[in-house]
Novice: 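Before I ask anything, let me first share the structure, which is written out below as structure tokens.
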Amino acid sequence: MTVLVISGTGSGVGKTVVSAAIAALARDRGDGVAVLKPAQTGVAPDQPGDLADVRRLAGDVDTRELRRYPDALSPEAAARRSGLLPVTPAQAARAAGELHEKNDLVLVEGDGGLLVRFDPGGGTVADVAWSLGAPVLIVAEAGAGTLNVTALTAEAAARRGLDVAGVIVGSWPSAPDLAARSNLADLPAAAGAPLLGVLPEGLGAATREEFLEEARRGLSPWFGGEFDPDCFADSASAQT
């Protein structure tokens with residue numbers, strides 16, 4: 001794994017925390033890590049964005065943001081409203097390639113879901129993944145409704161010839177309901193790929209040391225962690 005595209009089933013599902021967790025484990029084992037955010041929306045020029053959170057949580061990580069737009073809209077709509085230039089998939093893929101020249105792992109964090117548009121030409125993060133030949137990691141919600149959007153995301157990826165590496169629950173509730181517990185078994189079927197991790201809600205507020213420990217506990221050995229989906233499901237069921 002050298003380049004990985006991280007896409008959510010929507011906004012607010014925990015993509016940045018997942019990016020930071022993967023980066024933290026890679027950095028801890030001595031790898032050079034970069035995180036690319038092609039388009040940051042809903043953040044003013046003088047405000048910290050998602051990449052500031054990645055650096056705060058993961059430490060010394062190479063980061064690059066290509067465009068920033070103040071309105072919390074899709075990148076295409078935010079660019080149009082602000083009068084700023086849109087970012088294109090070709091620009092994002094080129095930046096990822098440049099980062100890969102000096103890093104062992106490059107994480108490309110999308111904005112919103114897989115098919116959210118970057119530009120008037122209809123470019124999306126799916127096009128970035130296709131250009132790079134990179135697998136896609138789906139970050140999903142825990143509870144009711146997540147199976148449908150996860151399946152739709154995986155189906156869209158497959159139709160574009162993309163490989164879905166797996167699915168991660170980006171924010172696991174402290175008191176999971178029946179739907180969330182049941183979804184632990186059903187998410188892999190919806191994604192057509194394994195469950196590669198579950199991260200607890202509120203993890204973005206952890207200290208760097210706490211964050212690294214939770215990342216190790218909550219992510220699969222595929223990333224250098226210790227997460228076992230069967231053990232986690234048993235533990236979640238035992239909470240009831």
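All values reported here derive from a predicted model rather than from experimental measurement.
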Novice: Give a yes or no answer on whether the side chain of R181 reaches the backbone of A233 with a donor-acceptor pair at less than 3.5 Å.
Specialist: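 No.
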
Novice: If you look at every heavy atom in L25 and A215, which pair is closest and at what distance?
Specialist: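 L25 and A215 have their closest heavy atoms at CD1-O, 3.7 Å.
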
Novice: Short question: side chain of D177, backbone of A179 - any donor-acceptor pair under 3.5 Å?
Specialist: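 A pair under 3.5 Å: yes.
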
Novice: Look only at the side chain of N183 and the backbone of A142, and say whether a donor-acceptor pair between them is shorter than 3.5 Å.
Specialist: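 Yes, the answer is positive, given that a donor and an acceptor are paired below the 3.5 Å cut-off.
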
Novice: Just grab all the salt bridge (Lys or Arg N to Asp or Glu O under 4.0 Å) pairs involving residues 107-116, residues at least two apart or on different chains.
Specialist: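 For residues 107-116: K37-E109.
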
Novice: Per the side-chain hydrogen bond (donor to acceptor under 3.5 Å, both in side chains) rule, what does the pair list look like for residues 146-170, sequence neighbours excluded?
Specialist: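 As it turns out, there is no side-chain hydrogen bond (donor to acceptor under 3.5 Å, both in side chains) pair with a partner in residues 146-170 once direct neighbours are skipped.
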
Novice: Are V116 and V139 connected in the hydrophobic side-chain network, where two residues link if heavy atoms are under 4.5 Å apart?
Specialist: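 Result: no, two separate clusters.
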
Novice: Can you hop from L115 to V5 via hydrophobic side chains spaced under 4.5 Å?
Specialist: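 They do share one cluster, since a chain of ILVMFWY contacts under 4.5 Å joins L115 to V5.
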
Novice: For the backbone of P38 and the side chain of R67, can you confirm whether one donor and one acceptor N or O come within less than 3.5 Å of each other?
Specialist: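 Side chain of R67 to backbone of P38: no pair is present.
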
Novice: Could you tell me which non-hydrogen atom of A26 sits nearest to which non-hydrogen atom of V33, and how far apart they are?
Specialist: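 Nearest heavy atoms, A26 then V33: CB-CG2, 3.5 Å.
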
Novice: Is the shortest side-chain heavy-atom distance between I22 and V18 below 4.5 Å?
Specialist: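 The answer is yes, as the side chains (C-beta and beyond) meet within the 4.5 Å cut-off.
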
Novice: Please determine whether residues V128 and L66 belong to a single hydrophobic cluster, defined as Ile, Leu, Val, Met, Phe, Trp and Tyr linked transitively by side-chain heavy-atom distances below 4.5 Å.
Specialist: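 Same hydrophobic cluster.
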
Novice: Any non-hydrogen side-chain atom of P194 less than 4.5 Å from a side-chain atom of P229?
Specialist: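 Not touching, per the 4.5 Å side-chain cut-off.
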
Novice: Is there a donor-acceptor pair closer than 3.5 Å between any side-chain N or O of D228 and the backbone N or O of C231?
Specialist: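 Yes; judged by distance alone, with no hydrogens or angles, the pair exists.
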
Novice: Would you check if the side chain of E214 reaches a backbone N or O of L199 as a donor-acceptor pair within less than 3.5 Å?
Specialist: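 Absent.
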
Novice: Taking all non-hydrogen atoms of both residues, which atom of V106 and which atom of A96 are closest, and how far apart?
Specialist: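 Here V106 and A96 meet closest at CG2-O, 4.0 Å.
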
Novice: Mind checking what makes ring-ring contact (aromatic ring centres under 6.0 Å, His included) contact with F211, not counting sequence neighbours?
Specialist: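 ring-ring contact (aromatic ring centres under 6.0 Å, His included) check on F211 returns nothing, list empty.
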
Novice: Drop me the distance from L36's CG to L107's CG, to the nearest 0.5 angstrom.
Specialist: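 L36 CG to L107 CG: 9.5 Å, rounded to 0.5 Å.
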
Novice: Hey, what do you get for CG (L99) to CZ (R94), rounding to the nearest 0.5 Å?
Specialist: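 Rounded to the nearest 0.5 Å, the CG-CZ separation comes to 12.5 Å.
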
Novice: Apply side chain to side chain donor-acceptor pair (under 3.5 Å) to D28 and list each qualifying residue two or more places apart in sequence or on a separate chain.
Specialist: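 Per chain and number, D28 pairs via side chain to side chain donor-acceptor pair (under 3.5 Å) with R216.
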
Novice: Which value, rounded to the nearest 0.5 Å, describes the distance between D62 atom CG and L105 atom CG?
Specialist: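 Going from CG on D62 over to CG on L105, the span is 11.5 Å.
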
Novice: With the side chain counted from C-beta on, respond yes when W222 and L137 share a heavy-atom pair under 4.5 Å apart, and no when they do not.
Specialist: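 No. Closest side-chain heavy atoms not under 4.5 Å.
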
Novice: Name all residues meeting the side chain to side chain donor-acceptor pair (under 3.5 Å) criterion together with E98; count only those two or more places apart in sequence or in a different chain, and write none if there are none.
Specialist: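 Testing E98 for side chain to side chain donor-acceptor pair (under 3.5 Å), a comparison that skips the adjacent residues, returns R64.
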
Novice: If you take all heavy atoms of R68 and V43, which pair is closest and at what distance?
Specialist: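 So the two residues come closest at NH1-CG1, 3.2 Å.
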
Novice: Ignoring hydrogens and geometry, is there a side-chain-to-backbone donor-acceptor pair from S182 to L178 under 3.5 Å?
Specialist: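 Not a single qualifying donor-acceptor pair exists.
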
Novice: Roughly how far apart are L195 CG and D186 CG, rounded to 0.5 Å?
Specialist: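 Reported value, rounded in 0.5 Å steps: 11.0 Å.
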
Novice: With a 4.5 Å limit on heavy-atom distance, are the side chains of P86 and F118 in contact?
Specialist: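 No; the side chains remain at least 4.5 Å from each other.
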
Novice: To the closest 0.5 Å, what do you measure between OG1 (T16) and CG (L203)?
Specialist: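 So the gap between those two atoms works out to 12.0 Å.
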
Novice: Minimum heavy-atom separation for A165 and P135, please, with both atom names.
Specialist: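 In terms of heavy atoms, the two residues are closest at CB-CB, 4.0 Å.
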
Novice: Supply the atom-to-atom distance S7 OG to I138 CD1, rounded to the nearest 0.5 angstrom.
Specialist: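 One finds 7.5 Å between OG of S7 and CD1 of I138.
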
Novice: Taking CZ in R81 as the centre, count heavy atoms belonging to other residues, nucleotides or ligands within less than 6.0 Å. Is the count above 12?
Specialist: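 Not more than 12 within 6.0 Å, no.
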
Novice: Any side-chain heavy atom of L187 within less than 4.5 Å of one from L147?
Specialist: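 Result yes, sub-4.5 Å side-chain heavy-atom pair found.
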
Novice: With sequence neighbours excluded, give me every side-chain hydrogen bond (donor to acceptor under 3.5 Å, both in side chains) pair touching residues 113-132.
Specialist: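 Applying side-chain hydrogen bond (donor to acceptor under 3.5 Å, both in side chains) to every pair that reaches into residues 113-132, excluding sequence neighbours, yields E76-R117, T124-D127.
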
Novice: Please name the pair of heavy atoms, one in A129 and one in V136, separated by the smallest distance, quoted to 0.1 Å.
Specialist: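 It is CB-CG2, 3.8 Å.
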
Novice: Is the ring pair F227/F232 parallel, tilted or perpendicular, if the boundaries are 30 and 60 degrees?
Specialist: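 Tilted: the ring planes of F227 and F232 meet at 30° to 60°.
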
